[in-house]
Amino acid sequence: MGAADSSSGMFEVLDATEDDFIAVRVGSGSPAGYDRFYSLLVERSDQYGSIRVYEEIPNWTFRTYLTHLHGIIPDLKYGPDFNISHYACVGDSIWAKLLYYQWRGIRSIWPVTPDHMRYFHVDERDDALQWLSGTTSR
């Protein structure tokens, strides 16, 4: 899966992105990066209703994890404007997994948390893509 666009230092849109499916690789978080990313999610939600998101977060460190605290305000600002039905987090570090489980833990009260979300190790990319496409029921 290659990169189609790298318009933000925070994320790069991957080639698999089309229609209601958004695939991104995420680096360090920033307020501007969240604004650009959430604008994409709002745009696609406006076009397709609910969307599916594949988020690859490789090589995260504690420092990378901390930069994503920038997402709290954009979550509250944009959350009501987009609808993620399914979300797959693909990572390879304890910090990626920690962020995923924290997000999952607050999903009943947080505006941007999808109903269906799963964590996959980076070696399971294909499984994540299949799960999002609905071809498997793990």
From [atom1] ([X]) to [atom2] ([Y]), nearest 0.5 Å:
X	Y	atom1	atom2	result
Asp81	Glu43	CG	CD	13.0 Å
Leu132	His116	CG	NE2	11.5 Å
Leu41	Ile22	CG	CD1	6.0 Å
Cys89	Lys97	SG	NZ	10.0 Å
Arg118	Arg104	CZ	CZ	8.5 Å
Thr17	Leu40	OG1	CG	7.0 Å

[X] and [Y]: which non-hydrogen atoms are nearest, and at how many Å?
X	Y	value
Gly29	Tyr34	CA-CE1, 4.2 Å
Ala96	Gly91	CB-CA, 4.3 Å
Tyr48	Asp20	CB-CB, 3.7 Å
Trp60	Val26	NE1-O, 3.2 Å
Val90	Ala128	CG2-CB, 3.6 Å

* For the pair Met117 and Trp103, evaluate side chain to side chain contact (heavy atoms under 4.5 Å, CB included) and give the outcome as yes or no after the intermediate values. => CA-CA 10 Å; Met117 53 191 306; Trp103 192 27; 3.4 Å; yes
Give a yes or no answer on whether the side chain of [X] reaches the backbone of [Y] with a donor-acceptor pair at less than 3.5 Å.
X	Y	answer
Arg52	Ile84	no
Ser45	Phe82	no
Ser39	Asp35	yes
Asn83	Gly49	no

Verify same cluster id: [X], [Y] (apolar side-chain graph, 4.5 Å):
X	Y	result
Ile57	Leu98	yes
Ile72	Tyr78	yes
Ile106	Ile73	no
Leu99	Ile94	yes
Tyr101	Leu66	yes

Can you classify the ring geometry of [X] versus [Y] as parallel (below 30°), tilted (30 to 60°) or perpendicular (above 60°)?
X	Y	result
His86	Trp131	perpendicular
Tyr100	Tyr87	parallel
Phe62	Tyr65	parallel

* **Distance-only polar pair, side chains of Thr61 and Thr64, donor-acceptor under 3.5 Å** => yes
* Are side-chain N/O atoms of Asp75 and Tyr38 paired as donor and acceptor at under 3.5 Å? ->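 Side chains of Asp75 and Tyr38: pair found under 3.5 Å.
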* Flag if over 12 foreign heavy atoms under 6.0 Å of CG, Asp46 -> yes
* To do: Check the pair Leu14, Val24 against side chain to side chain contact (heavy atoms under 4.5 Å, CB included), reporting the backbone distance first and the verdict last.
  => CA-CA 5 Å; Leu14 302 175; Val24 294; 5.5 Å; no
* **Any Phe11 side-chain heavy atom under 4.5 Å of Arg25 side chain** =>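 Of all side-chain heavy-atom pairs linking Arg25 with Phe11, none is under 4.5 Å.
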* **Any side-chain heavy-atom pair of Tyr54 and Leu129 under 4.5 Å** => yes
* Audit row: Arg44, Asp19, side chain to side chain contact (heavy atoms under 4.5 Å, CB included) steps and yes/no -> CA-CA 7 Å; Arg44 294 297 175 102; Asp19 301 330; 5.5 Å; no
